[in-house]
Number of protein chains: 2
Amino acid sequence: MSPGKDSPRAGEFELIERYFAPLASGAAGTFGLHNDAAVLPLAPGERLVTTVDTMIQGRHFLDCPPGLVARKLLRVNLSDLAAMGAEPFGYLLAAAWPFDIEEAWIAGFSAGLAEDQAAFGVTLFGGDTTGTPGPMTLSLTAFGRIAGERVLDRASLRPGEDLYVTGSLGDGWLGLEALRGKLAALPETQRGELVGRYRLPQPRVALGQALLKEGLARSAIDVSDGLAADLGHLLEASGVAAEVEVAALPVGPAAEAALAALGLPRQAVAAGGDDYELLFAADPAAREAVAALARRLGVAITRIGRVADGGGLTLRDAAGREVALDAPGWRHF
Amino acid sequence: MSPGKDSPRAGEFELIERYFAPLASGAAGTFGLHNDAAVLPLAPGERLVTTVDTMIQGRHFLDCPPGLVARKLLRVNLSDLAAMGAEPFGYLLAAAWPFDIEEAWIAGFSAGLAEDQAAFGVTLFGGDTTGTPGPMTLSLTAFGRIAGERVLDRASLRPGEDLYVTGSLGDGWLGLEALRGKLAALPETQRGELVGRYRLPQPRVALGQALLKEGLARSAIDVSDGLAADLGHLLEASGVAAEVEVAALPVGPAAEAALAALGLPRQAVAAGGDDYELLFAADPAAREAVAALARRLGVAITRIGRVADGGGLTLRDAAGREVALDAPGWRHF
């Protein structure tokens, strides 16, 4: 890790030593962040999986405690690794800080990374810091490992498979609506719950690995753009259709209350984004195995529909009637 | 590779298909940029080396053709891999485009990447695009491979070793001075030569690999912040001192003319940055081998001094007198 030549402050090397070098200690190949590049640890037979995501102040976060910004930045990337079935182990950070950033912000950001490093077993391997005249722009490249040749992809859905989604839908999008002041009618605790889910997603890393290892799923995706959009990616890549029952979509009490307050139908949660839940398909013969996995990992897994021949997504009500997905799309502030 | 949820334009998926998917074709593990993450190809016994660098419009480039921006972004990262002795093979791109960016800019950027992919044997494995209200911010994570356990590090200099640097020094920094209008006295061809070196560095990837494979060097660094600063990193990490002869520093005719025009002494090139040359140390017994390597690769390699006991860098003139390094440091516009 090294400061750009145009560091925002004279003490940039010291800031790296103080707040980032400790995040890289204890792992070979990080060189204490003192090298040009990092060497990643892989055992024989392992393959490396990598992804990158960017968060920009004012677009992806606003008035958010720095520790939560750090943790969300890490978690959205871990969610992408989970969707491949990979075990996360490390990351690089490219941070463009505004020139007037306060050291306390960087300290809080670093503390958030430390907290989630412990929670997810990952280490900082390096990065780059630079000053920007624009909004803070944070890119994180995450690394995971997979044993063997297979990964969870997007193109292997088969007609007849069940469709599942983890956790609950809509909370992230509705948390953002709450931050925008649109859910003032909701009790404070429910608003807080939704905002918390928006700010701190739960990447399903253990589940993704288990689905791959146990051969329960061949395809998965993390729901970041909204169920309809992300399921659409799976359907297009696989050349199949899907039927989803609106009544089966997992929606929590706070989200139910928020939908009611906004006058929106239940299927609106399929258009809302920022869920970071895992969407996957499995053979109907595996229903018991999927349920057992959910119990073992303590993750809610809900069967929401099935894969069919053809193309496109059809939403149906409990009576089997087609339901339109005309809810407003999810937008950033 | 995927657009952020807040894509700058409706056709973001189409732009990725048109300009970036072709850069990812032909390599397994990129999934045509259609997956959440990429799988990197490594053979048994190989280790993965990775680094990230960011370039921000107005700070790291300004009024520069998009193809050259792309190639410099890639090359500064390849230079970091070269300093470890790694063989580059791929990269991820995180691009935050301004909302009003023109498609022609992206087309030119993509064409530049394609050109250097062919030149350096690397492939796009994935990335992230998003819209920014601020200046264009481009982060690139590069991947290289190393066979075996060793890498070129920063901490293995030994007293008595010779110090070498590739190519010529000062051109990058002086090219930037030319862009700032400070070298109007120079002939157009010399200004163009320096600007070209600033905009398009030559990462010494073949040399870095050879130094490692042939065991000629244990430590290296790429000169991005200026010879004095980067040699300082090596000295500090290794706990040694260095003596460098100012007369031995490789300075080309255009840089000589520029120094004269600016009224600066020769040692100013040790303070200027953006050279992206390779600085390394080797045993005096290896002088013939280093010279042979230079001939084989067609890269100029100049012996500029030696490693000594103690700490810190001393510059000396031809008569052995100490020379101060008080030239103005290299600064971004």
Side-chain angles (χ1 to χ4, degrees), chain A residues 4-6 29 31 34-42 44-45 47-54 56 58-60 79-81 83-84 86 92-94 96 125-128 130-135 137 139 141-144 146 151 153-155 221-222 224-225 233 237 273-274 330-332, chain B residues 4-6 29 31 34-42 44-45 47-54 56 58-60 79-81 83-84 86 92-94 96 125-128 130-135 137 139 141-144 146 151 153-155 221-222 224-225 233 237 273-274 330-332:
Chain A
K5 285 172 284 296
D6 51 338
F31 303 99
H34 290 148
N35 244 13
D36 289 281
V39 179
L40 300 181
L42 280 185
R47 295 203 299 160
L48 191 108
V49 181
T50 185
T51 185
V52 62
D53 263 311
T54 302
I56 301 175
R59 289 188 58 72
H60 304 92
S79 184
D80 280 325
L81 295 183
M84 302 277 287
L92 301 179
L93 173 69
F125 274 83
D128 173 67
T130 189
T132 180
T137 301
S139 278
T141 303
F143 303 112
I146 282 183
V151 295
D153 64 17
R154 295 187 175 187
I221 194 168
D222 71 320
S224 54
D225 295 346
H233 297 319
D274 245 343
W330 180 88
R331 293 283 178 275
H332 275 283
Chain B
K5 285 174 283 296
D6 51 338
F31 303 99
H34 291 147
N35 243 12
D36 290 280
V39 179
L40 300 181
L42 280 184
R47 297 203 297 161
L48 191 108
V49 181
T50 184
T51 186
V52 62
D53 264 310
T54 301
I56 302 175
R59 290 188 59 71
H60 304 91
S79 183
D80 280 326
L81 295 182
M84 304 277 286
L92 301 179
L93 173 69
F125 274 83
D128 174 67
T130 188
T132 179
T137 301
S139 279
T141 304
F143 303 113
I146 281 183
V151 296
D153 64 16
R154 294 186 177 190
I221 194 169
D222 71 318
S224 54
D225 295 347
H233 297 320
D274 245 344
W330 181 87
R331 294 281 178 276
H332 276 283

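Keep in mind that this is a model prediction, so the values were computed, not measured. Order of the sequence lines fixes the chain letters, A, B, ..., with proteins taken first and strands second; residue numbering starts at 1 for each chain.
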Legend entry - Top contributor to chain B interface from A:Thr51, A:Leu40, A:Thr50, A:Val39 [non-hydrogen pairs under 4.5 Å]: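 Ranked by heavy-atom pairs under 4.5 Å with chain B, first place is A:Thr50.
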Inset, instruction - For each of B:Gly134, B:Ala37, B:Ala96, B:Pro133, tally heavy-atom pairs with chain A at distances under 4.5 Å, and name the one with the top tally. - result: B:Ala37
Legend entry - chain A interface, residue from B:Leu48, B:Thr141, B:Thr137, B:Thr54 that has the most non-hydrogen pairs under 4.5 Å: B:Leu48
Inset, instruction - Can you tell which part of A:Ala38 gets under 4.5 Å to a heavy atom of chain B, answering side chain, backbone, both or neither? - result: both
Inset, instruction - Answer with side chain, backbone, both or neither: which region of B:Val151 has an atom nearer than 4.5 Å to a non-hydrogen atom of chain A? - result: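 Only the side chain of B:Val151 comes within 4.5 Å of chain A.
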Legend entry - Residue part contacting chain A, namely of B:Ile221, when any heavy atom lies under 4.5 Å: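 It is both, since atoms from each part get that close.
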Inset, instruction - Over all heavy atoms of both residues, which pair between A:Arg59 and B:Thr132 is shortest? Give the atoms and the distance, please. - result: CD-CA, 4.2 Å
Legend entry - Side-chain donor/acceptor of B:Arg47 to backbone N/O of A:Pro41, under 3.5 Å: no
Inset, instruction - List for me each residue that meets side-chain contact (heavy atoms from CB on, under 4.5 Å) alongside A:Ser79, sequence neighbours excluded, and say none if there are none. - result: A:Pro203, A:Asp222, A:Tyr276
